[in-house]
2 protein chains.
Amino acid sequence: MNIQFKKGVLEICVLSVLAHKDCYGYELVAEISKRIDISEGTIYPLLHRLKDEGHVTTYLQESAGGPPRKYYRLTESGRNEEHEQKEEWMRFAASVNALLLGMNHAAD
Amino acid sequence: MNIQFKKGVLEICVLSVLAHKDCYGYELVAEISKRIDISEGTIYPLLHRLKDEGHVTTYLQESAGGPPRKYYRLTESGRNEEHEQKEEWMRFAASVNALLLGMNHAAD
DNA sequence: ATTAGGTATCTTGTGATGCAAGATACCGTG
DNA sequence: CACGGTATCTTGCATCACAAGATACCTAAT
């Protein structure tokens, strides 16, 4: 799949999954990979960025067989961001679709 | 508008407009900007890449008041590319929408 | 105990590509 | 002849996804 399509989209995907439930990084990769191929080297820097920006908080939780998991939870700011970015994506996708379908002269 | 969303999408937008009619660069910027903000510094390198890859050919045509215009026309390879990239975009957009709407467990 | 393998997090370097800013050049008008 | 609009093109920068690998915890087999 075209890597470039993903630029900027993975962030809203992460926010959107976290809007449904708290997740740890590894779990997010698995969740999102059901639809869009994504690697771990992408998700961790992204999650740290989201934390730096105050959109998520984290808490540790032990796991059965393996190192402790770091769960990510949306903050209020994160929920706002999720909402805004989702709307922006919808507008953007609609614009691209309009262009690809040749509706760029009259319709709206 | 989120710059990152555009990565990789502008190429299919250009191909798609050219699938309707031959255009010169300046005209493409105007055409695409109706829906998606785009700058000239983006379109010219992109057009040169498309030419290098054999997806377009060019021809010059004089204009009333200004330098000659360089028109771009899709080649057969360009039409194939346009078709494939359009389908890939549609699949991608559908995947993202599914994720954002929380349909990532069962539905398909 | 030592090794191997699965789970989980994180870092580094590379590549693709959009943009701002500016250079170049043609043309008509004042 | 300078100016502004049209039109093309180049350079340097920023963003972000990825491959590859480092680290570390735990269980099970040797």
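Since the model is a prediction, treat every value here as computed from it, not as a measurement. So you know, we letter chains A, B, ... as the sequences are listed, proteins then strands, and number each from 1. What's counted below: heavy atoms across the whole structure, side chains too, no hydrogens, waters or symmetry copies.
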Heavy-atom nearest pair, B/Glu40 first then B/Pro45, reads O-CD, 4.4 Å
Donor-acceptor contact below 3.5 Å, side chain A/Ser63 vs main chain A/Pro67: yes
Select base, sugar-phosphate, or nothing to describe what A/Lys6 touches, counting heavy atoms under 4.0 Å on all strands. sugar-phosphate
Restricting to side-chain hydrogen bond (donor to acceptor under 3.5 Å, both in side chains), what partner residues turn up for B/Lys86, sequence neighbours left out? B/Glu82
Name the atoms and distances for all side-chain donor-acceptor pairs under 3.5 Å in residues 53-62 of chain A, with sequence neighbours left out.
residue	atom	partner	partner atom	Å
A/His55	ND1	A/Ser77	OG	2.6
A/Thr58	OG1	A/Lys51	NZ	2.9
A/Tyr59	OH	A/Asp22	OD2	2.7

Can you tell me how far P of D/dC26 sits from CD of A/Glu62, to the nearest Å? 8 Å
Between the side chains of B/Trp89 and A/Asn2, does any donor sit under 3.5 Å from an acceptor? no
Counting only heavy atoms and a strict 4.0 angstrom limit, can you tell me which residues of residues 42-54 of chain A come near DNA chain C? A/Tyr44, A/Pro45, A/His48
So which one's nearest nucleotide on DNA chain D is more toward 5', B/Gly66 or A/Ile38? B/Gly66
Reckon A/Asp37 touches a base, only the sugar-phosphate, or nothing at all at heavy-atom distances under 4.0 Å? sugar-phosphate
B/Glu40 CD to D/dT6 C1', in whole Å, measures 10 Å
Atom CD of A/Gln4 and atom C1' of D/dC18: how far apart are they, to the nearest Å? 11 Å
Ring pair (Phe, Tyr, Trp, His ring centres under 6.0 Å) contacts touching residues 23-47 of chain A (sequence neighbours left out): A/Tyr24-A/Tyr71
Over all heavy atoms of both residues, which pair between B/Cys13 and A/Val96 is shortest? Give the atoms and the distance, please. SG-CG1, 4.5 Å
Considering residues at least two apart in sequence or located in another chain, which fulfil the side-chain contact (heavy atoms from CB on, under 4.5 Å) criterion with B/Glu87? B/His83, B/Arg91
Bounds of contact between DNA chain C and chain A, in 5' to 3' order, using a heavy-atom cut-off under 4.0 Å: C/dT7 to C/dT17
Does B/Lys21 pair with B/Glu27 as a salt bridge, N-O distance under 4.0 Å? yes
Could you give the CD1-to-C1' distance, from A/Ile3 to D/dA19, as a whole number of Å? 10 Å
If you look at every strand shown and take non-hydrogen atoms under 4.0 Å, does A/Gly25 touch a base, only sugar-phosphate, or nothing? sugar-phosphate
